There are 2 protein chains.
Amino acid sequence: MSLWSRTRNAVHGEITRTAMELFLTRGFDATTIDEIAAAAGISRRSFFRYFGTKEDVVLGDLIARGEEIRQALEARPDGEEPWTALCNALHSVKDTAYDDDTMLAIFRMVHGTPSLRARSIEKHLQWQALLTPEVRRRLGADPADPFDVRADALVATVITCLDVAGEAWTRGDGAVSLEDLFDAAAAAVRPPGSRAVP
Amino acid sequence: MSLWSRTRNAVHGEITRTAMELFLTRGFDATTIDEIAAAAGISRRSFFRYFGTKEDVVLGDLIARGEEIRQALEARPDGEEPWTALCNALHSVKDTAYDDDTMLAIFRMVHGTPSLRARSIEKHLQWQALLTPEVRRRLGADPADPFDVRADALVATVITCLDVAGEAWTRGDGAVSLEDLFDAAAAAVRPPGSRAVP
DNA sequence: GCCTTATTGACACTGAGTGCCACCCGGGCA
DNA sequence: TGCCCGGGTGGCACTCAGTGTCAATAAGGC
């Protein structure tokens, strides 16, 4: 890793820390980019050289997380059913950057701020695009057939279950683990013992 | 209906027509609110008295559509399985305001414009909040239990299937009907013959 | 020490959205 | 007829996100 990218990462991290602290105390909408820039000791213009939007400070690493999930999915054995493989892939990825309480606060902020919520869902749509090809392959579907929606439906549903679990997690103050809630959501959609389309 | 609400509806419709024509020819982002206001013969300020955001011109009636779906769901027989009832409720609601070609263009615009896409998903989240209570009732779930995610998962998944179908519909230029694509997506998630959790 | 290159900060600008206030128009009232 | 009153309207100014431009500057190679 070059000096250039090291300093860039350092600045990136510094902005993230500073901004997240402001967000969690004052609220997301009540924090302007000028305030973040001032607190981080950079210019407003430089902020936008590190983050495309204000939302990206909070949701920036969701893209990277999507890539991790893709790799986890491809690592699942070929014999596994697509649905099971997807669930397992999602299980294998955890967020380690924050402790549980901070995580809860962030989730609440994301769910309570429309612009953040929307961006978060956009990122999830990007996950779908990332995961669908592998599921198509496992289903033996024609990669180019626009009318074979099976893979898209499976991927979108699994991610939706994760969303539902996340919302229930915040509603319940984190008393039940995100993993358990996800499993419950997945089980409700596709009852265990149900069989795939031949 | 009073004179007041009639004139208000007329202005509302006039703005919608004018704006949609601009959107579909120039593109959504390339059309400013000043241009819409000028073309509709009102002031920029008045535009915001009829629509909260630019996106609402395109997606405004999605809230009403959600209410229709809720009523359709409540009209389904009590004995019907929640999943089936949801699918049937969604089937019973159609958009009649535009012809198929215009509908396709609008879909494409929504899917191709990030801000529109995000808002559209937000509206779908509102649908979820609208439909979940009835599904909870049908499942015999405690309305206040934050950890019973079954209803949320079912509702969110059905709407996700509609989203997937919509995207496939635009990708395939509308060659296969939205209804059929929705059925295919729903079938992929919950294979026919699968049984609900007891 | 000089030249090249990339990062930065400053400034200006667009465009969405909001608050404020004066204006106008129609209805009610004396 | 003249006055008042209330709601819709337009105009203005403002905030804030996001983008383009350009000069200054600092770092690295020669």
Side-chain angles (χ1 to χ4, degrees), chain A residues 1-16 18-20 22-23 25-60 63 109-110 113-120 122-123, chain B residues 1-16 18-20 22-23 25-60 109-110 112-120 122-123:
Chain A
M1 188 186 284
S2 67
L3 174 90
W4 173 82
S5 64
R6 258 185 294 131
T7 58
R8 182 171 177 88
N9 279 352
V11 177
H12 192 278
E14 183 57 30
I15 299 175
T16 304
T18 312
M20 287 304 284
L22 287 171
F23 289 158
T25 51
R26 299 188 202 181
F28 184 79
D29 285 332
T31 308
T32 68
I33 290 179
D34 292 83
E35 290 169 338
I36 300 171
I42 55 166
S43 75
R44 166 190 166 66
R45 194 65 187 84
S46 280
F47 173 88
F48 284 108
R49 292 202 177 91
Y50 285 91
F51 297 93
T53 67
K54 201 165 81 164
E55 287 79 19
D56 279 351
V57 179
V58 183
L59 307 170
I63 319 139
M109 183 172 74
V110 171
T113 311
S115 66
L116 269 177
R117 187 73 198 267
R119 286 272 177 181
S120 152
E122 265 186 77
K123 305 278 179 186
Chain B
M1 188 184 285
S2 67
L3 173 88
W4 173 82
S5 65
R6 259 186 294 128
T7 57
R8 182 170 176 89
N9 279 352
V11 177
H12 192 279
E14 182 56 30
I15 299 175
T16 304
T18 312
M20 286 305 282
L22 287 171
F23 289 157
T25 52
R26 299 189 202 180
F28 184 79
D29 285 332
T31 308
T32 69
I33 291 179
D34 293 82
E35 290 169 338
I36 300 171
I42 56 166
S43 75
R44 166 191 166 66
R45 194 63 188 85
S46 280
F47 172 89
F48 284 110
R49 291 201 178 91
Y50 286 91
F51 297 94
T53 67
K54 202 167 81 166
E55 288 79 20
D56 279 352
V57 178
V58 183
L59 307 170
M109 184 173 73
V110 172
T113 311
S115 67
L116 269 178
R117 187 72 197 269
R119 287 271 177 185
S120 151
E122 266 185 75
K123 305 277 180 188

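Only a predicted model underlies this, so the values are computations on that prediction, with no experimental measurement involved. Atoms considered below: every heavy atom in the structure, side chains included; atoms not considered: hydrogens, waters and symmetry mates. Throughout, a chain's letter reflects where its sequence line sits, starting with A, and its residues are numbered from 1.
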* Asked: Is there side-chain contact between T18(B) and I15(B), with heavy atoms separated by less than 4.5 Å?
  -> no
* Pairing residues for Y50(A) by the ring pair (Phe, Tyr, Trp, His ring centres under 6.0 Å) criterion, not counting sequence neighbours -> none
* Do the side-chain N or O atoms of Y50(A) get closer than 4.0 angstrom to the phosphate oxygens (OP1, OP2) of dT8(C)? -> yes
* When you get a sec, tell me which of dG18(D), dG17(C), dA17(D) is the closest nucleotide to the side chain of T32(A)? => dA17(D)
* For R119(A), enumerate each residue passing the side chain to side chain donor-acceptor pair (under 3.5 Å) test, keeping only those at least two apart in sequence or located in another chain. => none
* Asked: Reckon T31(A) touches a base, only the sugar-phosphate, or nothing at all at heavy-atom distances under 4.0 Å?
  -> sugar-phosphate
* Structure fact -> Here the distance between atom P of dG18(D) and atom CD1 of I36(A), to the nearest Å, is 10 Å
* To do: Please state how far atom CD1 in I33(A) lies from atom P in dC16(D), giving the value in whole angstrom units.
  => 11 Å
* To do: Find the distance F51(A):CZ to dT8(C):C1' and express it as a whole number of Å.
  => 17 Å
Tabulate atom names and distances for all N/O pairs under 3.5 angstrom spanning the protein and nucleotides 9-13 of chain C.
residue	atom	partner	partner atom	Å
dG9(C)	OP2	S43(A)	N	3.2
dG9(C)	OP2	S43(A)	OG	3.1
dG9(C)	OP2	S46(A)	OG	2.5
dG9(C)	N7	R49(A)	NH1	3.3
dG9(C)	O6	R49(A)	NH2	2.7

* Mind checking side chain to side chain contact (heavy atoms under 4.5 Å, CB included) for S115(A) and listing every partner two or more places apart, or none if nothing turns up? => F28(A), D29(A), E55(A), T113(A)
* To do: Could you check how far NZ of K54(A) sits from C1' of dA17(D), rounded to whole Å?
  => 8 Å
* Rounded to the Å, how far apart are I15(B) CD1 and dT9(D) C1'? -> 12 Å
* Atom pair distance, as rounded to whole Å: CZ in F47(B) and P in dG11(D) -> 16 Å
* Asked: Given atom CG of D34(B) and atom P of dG17(C), what is their separation to the nearest angstrom?
  -> 12 Å
* Not counting sequence neighbours, which residues clear salt bridge (charged side-chain N to carboxylate O under 4.0 Å, His left out) with R44(B)? List them please. => D34(B)
* Asked: Expressed in angstrom and rounded to an integer, what is the separation of D29(B) atom CG from dT14(C) atom C1'?
  -> 13 Å
* Asked: Is any side-chain heavy atom of I33(B) closer than 4.5 Å to a side-chain heavy atom of F48(B)?
  -> yes
* To do: With sequence neighbours excluded, tell me which residues meet side chain to side chain contact (heavy atoms under 4.5 Å, CB included) with A37(A).
  => I42(A)
